[in-house]
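In what follows, chains are A, B, ... by sequence order, proteins preceding strands, each numbered from 1. These numbers come from the heavy atoms of this one structure, side chains and all, not from hydrogens, waters or symmetry mates.
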2 protein chains.
Amino acid sequence: MSSRTLHAEVKRRIIGSLSEGRWKHGEAIPSEEALARRYKVSIGTVRHAVSELVAENVLVRRQGSGTYVASHTRDYMLSVFFWIVDEKGRKELPRVEVLSYRRARADAGTAARLGLQRGAPVIRVRALQRIGGRPMMVDDIRMPQALFPALDEPTFRGREGTVYGFFQERFGITVVRVVERLQARAASAAVGAALGLAAGAPVLRIERTAYTYGDAPVETRVRYVNTARLAYLSQLGRH
Amino acid sequence: MSSRTLHAEVKRRIIGSLSEGRWKHGEAIPSEEALARRYKVSIGTVRHAVSELVAENVLVRRQGSGTYVASHTRDYMLSVFFWIVDEKGRKELPRVEVLSYRRARADAGTAARLGLQRGAPVIRVRALQRIGGRPMMVDDIRMPQALFPALDEPTFRGREGTVYGFFQERFGITVVRVVERLQARAASAAVGAALGLAAGAPVLRIERTAYTYGDAPVETRVRYVNTARLAYLSQLGRH
DNA sequence: TTCGATTTGTTCGTATGTATT
DNA sequence: TAATACATACGAACAAATCGA
C-alpha cells in the first residue's frame with residue numbers, strides 16, 4: 001500500500017525507519033542524495049518529504065552537515081513544547097521533583113485520552129515543578145504501562161533531562177505533538193498546598209496529551225499552574 | 001534593498017502589493033507563471049515564496065483556480081485564530097454584543113503593546129460574547145485611533161462579521177498573527193456580573209495582541225472567559 | 001591554517017498530472 | 001471540451017556551510 005503522492009510515500013518510509021529505531025535521535029539520517037537513490041526518486045522529492053518532517057519537528061536540517069533526527073534536549077523541548085513565561089516574557093526552565101510514582105489503572109478520562117481500555121495498567125506520577133526555587137506547577141502524569149516495559153521508580157527518578165527526553169533515550173519513543181486544553185479553576189486544598197496558595201485561589205488547569213508518530217498517544221497529564229506571575233503563551237497564525 | 005534570498009525578495013514584494021491594497025482580500029493574485037515573469041524569477045522560486053505565505057495564513061491556494069488573498073470570513077477566522085472549544089472539543093461560534101464604544105487614551109500597558117506613546121488616542125470597546133445565548137466572554141478592546149480614521153460608533157456597531165473581517169473590509173488592514181498570554185484570575189465584581197459568576201470565581205484571562213504584515217500591532221484586548229464548560233485549545237509541535 | 005570533500009540551500013527549467021471553470 | 005492554474009516530479013548547476021585531513 002503506497003501513499004497518494006511520491007513524497008508522501010517517502011515521508012512514510014522515513015517515519016517507518018524512525019519508529020523502528022533504524023535511525024536514532026540525534027543521529028544524521030542518510031544524505032538527500034543517498035535517500036533519493038535508496039527510494040529511487042529525485043532529490044527534489046526527498047527534499048519535499050524532508051521539509052515536511054522538519055516542519056513537524058521530526059527532523060532538523062543543518063546546512064553543510066546533514067539532516068538529523070530531532071533530539072529532545074532540554075533546549076529543544078523548551079523551544080517546541082514549553083510556552084510558560086514570566087512577566088518579562090522570558091521562558092523559565094522548571095526543575096522537577098517527583099512526589100510519587102506508582103502503578104495504577106486507567107480511569108475513564110485517562111483511558112479515552114490514551115486510547116486504552118478502562119482499567120488498563122498505567123504508570124502514574126505526581127511531580128512538582130519549581131521555577132526559581134518556588135513551586136509553580138503540579139503534574140499528575142499517566143502513561144500506558146505497555147509502552148514502558150520494565151520501567152521502575154528508581155530508574156524514572158534517576159533520569160536526567162526532561163521526561164520526553166527520557167522517553168526517547170530509554171524507550172525510543174519520540175513525542176512529536178502535544179495537545180493542551182486550558183481552563184481556569186479554583187485550587188483544591190491539595191493543589192493549593194502544593195503551590196503555596198489558599199484553597200479556592202484561581203489556578204490554570206492544563207490537560208495535556210502527547211503523541212508520537214502516527215498520532216499514537218504516549219502520555220497524558222493534568223497540570224495546575226500558579227499564574228500569579230507566570231503566563232501561558234499562545235501564538236496563532238504564523239508558525 | 002533586497003532580501004538575502006530571491007524567494008524572500010519575492011515574498012517581500014508580494015506583501016508589498018498586499019499592504020498597498022493592490023491585491024485585495026478574497027481576490028486572486030496573478031498566476032504563478034505571471035508572477036514569475038513579473039519578478040523575472042523561475043516559477044519554482046515563486047512557489048517557494050507563495051508556500052511560505054500560505055503557511056503564514058496570508059494567502060490561500062486553490063488547485064485549478066488560483067491563489068487568493070486570505071479573507072477574514074467567519075469560518076476562516078474560526079479556523080485560524082479561534083481555539084475555544086466546548087466539552088466535546090467542538091468550536092462554538094460566539095455572537096458579539098457591543099457594550100460600550102468610546103475614545104480614550106492609551107495607558108502604559110496598552111501603549112507598550114500597541115507600540116504607541118503613552119496617552120496616545122485609542123478607541124476602546126467593551127463587548128460581550130455569547131455562546132448558545134449565554135454570556136461566556138467579555139472583551140476590553142483597544143485599537144490605535146490613527147489606524148482607523150473616521151471610525152465612529154454606529155459604523156462599528158453596524159458591522160457584519162468578525163472584528164478582524166471588519167478591519168480588513170473597511171480599512172484594508174489584515175491581521176496575520178495573534179499572540180495571547182493566558183492566566184487564571186479571580187473574577188472581579190464587574191467581570192463576574194457580566195458572565196453571571198460570583199465575584200472571585202476563577203476565570204481565564206487572555207491578553208491578546210493582533211499584528212498585521214511586518215509585525216505592526218493593530219489591536220490589543222483583554223478577554224475574560226468563563227471556562228466552567230469551555231476550554232482553550234493549544235496544539236504544540238505540528239502545524 | 002588551508003583545502004577539499006560532503007551536505008544542505010537556492011535557483012533554474014521542463015514535463016506531466018489533477019482540479020477548476 | 002478546452003483553457004487555465006496549481007501540484008507533483010525530475011534533473012542540473014552553483015552557493016554556502018560544515019568538517020576532517
Please give the nucleotide sitting opposite D:dC14 as a Watson-Crick or G-U wobble pair, both distances under 3.5 Å, or none.
C:dG9

Counting only side-chain N and O atoms of A:His7, is one of them less than 4.0 Å from OP1 or OP2 of D:dA9?
yes

Report the distance from atom CD of A:Glu33 to atom P of D:dC10, rounded to the nearest whole Å.
15 Å

Give B:Gly66 one of three labels, base, sugar-phosphate or nothing, depending on what nucleic acid heavy atoms sit under 4.0 Å from its own.
sugar-phosphate

d(CZ, A:Arg62; P, D:dT18) in whole Å:
10 Å

Rounded distance (Å) that lies between atom C1' of C:dT10 and atom OH of B:Tyr39
19 Å

So which nucleotide from C:dG9, C:dT18, C:dC12 ends up closest to the side chain of A:Glu32?
C:dG9

Can you check the A:Gln63 CD to D:dC19 P distance for me, whole Å?
12 Å

Is the B:Phe156 ring parallel, tilted or perpendicular to the B:Tyr101 ring (thresholds 30°, 60°)?
tilted

In plain terms, say whether A:Arg142 and A:Glu219 are close enough for a salt bridge, that is, a side-chain N and a carboxylate O under 4.0 Å apart.
no

Please determine if a side-chain N or O atom of A:Thr45 lies less than 4.0 Å away from the OP1 or OP2 oxygen of D:dC10.
yes

Of B:Ile29 and A:Leu6, the one whose closest nucleotide on DNA chain D sits nearer the 5' end is B:Ile29

Exactly one candidate in A:Arg221, A:Arg223, A:Arg208, A:Arg113 meets salt bridge (Lys or Arg N to Asp or Glu O under 4.0 Å) with A:Glu180; the answer is A:Arg208

Whole Å only: how far is the OH atom of A:Tyr68 from the P atom of D:dA17?
16 Å

Distance below 4.0 Å between A:Arg61 side-chain N/O and C:dG9 OP1 or OP2
yes

Look at the side chain of A:Val41 and decide which nucleotide, out of D:dT8, C:dT11, D:dC10, has an atom nearest to it.
D:dC10

Would A:Arg61 and A:Tyr68 count as a cation-pi pair here, with the cationic atom under 6.0 angstrom from the ring centre and within 45° of the axis?
no

Quickly work out the A:Arg37 CZ to C:dT6 P distance and round it to whole Å.
11 Å

Do the side-chain N or O atoms of A:Thr67 get closer than 4.0 angstrom to the phosphate oxygens (OP1, OP2) of C:dT7?
no

With respect to the side chain of A:Ser65, which nucleotide from D:dC19, D:dC6, D:dA17 is positioned closest?
D:dC19

Between B:Ala49 and B:Val10 the two heavy atoms that sit nearest each other are CB-CG1, 3.7 Å

Considering only D:dA9, C:dT14, D:dC6, which nucleotide approaches the side chain of B:Ile43 most closely?
C:dT14

Between D:dA16, D:dT8, D:dC6, spot the one nearest the side chain of B:Ser31, thanks.
D:dC6

Options D:dA5, D:dA7, C:dT10, nucleotide nearest the side-chain atoms of B:Arg47:
D:dA7

Among C:dT14, C:dT8, C:dT10, the one nearest B:Thr5 by side-chain distance
C:dT10

Please tell me which of the listed nucleotides, C:dT18, C:dC12, D:dT8, lies nearest to the side chain of B:Ser42?
C:dC12

Check against ring pair (Phe, Tyr, Trp, His ring centres under 6.0 Å), A:Tyr232 and B:Tyr232:
CA-CA 11 Å; A:Tyr232 182 103; B:Tyr232 182 104; 7.2 Å; no

